[in-house]
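Written below as structure tokens is the structure these notes are about.
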Amino acid sequence: NQVINVMLFGKRQRCRELGIQFADNMQIPEEWCMDAMELVSLCGNVLDNAIEACEKVEMSRRYISIKARERANIWTLKIENNKNTKETPKEKEFMITKQDAQNHGLGMRIIDKIVKKYDGMFEFRDLGDSVVIVISVLCRENKGINTGVGPGEIDVPQDNSYLHYK
């Protein structure tokens, strides 16, 4: 995917400038379910957060690993990076630590919006000196059939009656 490759090139360059080890293995299917700009926005925002966290640790410990793959119509993105052990982003609900908080913090809202749009899941693990984020989104294959129903637009009965067979 050319668009994601360009974004990754820029992030890789930024990491090199900051002394951050950067490893990526991004597998994007040929026929992709997500809008290219949403994909770049999702990955770019997650990487921006990882870069910011790495800037707060000593140079010799800085690293970011980003991996993505699709299996059984579920695309999974996993990012791991180190962080300052004194910061606990989960407890702060990803509160903005920047001086100019008014103009920052949109990244997590953008990530959340995209994940929800594609019936996805967002998992966050604070491991003390590192953070692992796993994002999974459902990739529906249309194969030329337009059902008229998009992600999140299906009404499911609250009583789970759809789970019972007759």
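Contact record, Arg62 with Gly19: CB-O, 3.7 Å, taken as the closest heavy-atom pair. Shown here for Ile51 and Leu18, the closest heavy-atom pair between the two residues is CG2-CD1, 3.6 Å. Closest of all the heavy-atom pairs between Trp75 and Met26 is CZ2-CE, 4.4 Å. The heavy-atom pair separating Tyr118 from Asp35 by the smallest distance is OH-N, 3.3 Å.
Interatomic distance, OG of Ser60 versus CD of Gln21, reported as 9.5 Å (0.5 Å rounding). Residue Arg12 holds its CZ atom at 8.0 Å from CG of Asn5, rounded to the nearest 0.5 Å. Atom-to-atom distance recorded for Ile114:CD1 and Leu42:CG is 5.0 Å, nearest 0.5 angstrom. In this structure, Cys43 SG and Ile4 CD1 are separated by 4.0 Å, a value rounded to the nearest 0.5 Å. Of the inter-residue distances, the one linking Arg69 atom CZ with Asn25 atom CG reads 10.0 Å to the nearest 0.5 angstrom. Phe22 CZ to Ser65 OG: the interatomic distance, rounded to the nearest 0.5 Å, is 8.5 Å.
Linking ILVMFWY side-chain heavy atoms closer than 4.5 Å, directly or via other members, places Leu127 and Ile79 in two distinct hydrophobic clusters. With hydrophobic clusters built from ILVMFWY side chains whose heavy atoms lie under 4.5 angstrom apart, Ile28 shares a cluster with Met34. Ile74 and Val134 sit in two unconnected hydrophobic clusters of ILVMFWY residues. Membership requires side-chain heavy atoms under 4.5 Å apart, directly or through other members. In the hydrophobic clustering of this structure, Val137 does not group with Val132; members are Ile, Leu, Val, Met, Phe, Trp, Tyr whose side-chain heavy atoms approach within less than 4.5 Å, directly or through other members. One hydrophobic cluster, built from ILVMFWY side chains closer than 4.5 Å, cannot hold both Leu39 and Met121; they sit in different ones.
Inter-residue side-chain proximity for Asp126 and Lys83 is flagged as met; some heavy-atom pair is nearer than 4.5 Å. Annotation: side chain of Leu47 is not in contact with side chain of Arg14 (no heavy-atom distance under 4.5 Å). Side-chain atoms of Ile111 and Asn49, non-hydrogen and from C-beta on, do get closer than 4.5 Å to each other. Contact check for Lys11 versus Asp48: side-chain heavy atoms found under the 4.5 Å cut-off. With contacts defined as side-chain heavy-atom distances shorter than 4.5 Å, the pair Tyr63/Glu80 qualifies.
Within 6.0 Å of CD in Glu17 there are more than 12 heavy atoms belonging to other residues, nucleotides or ligands.
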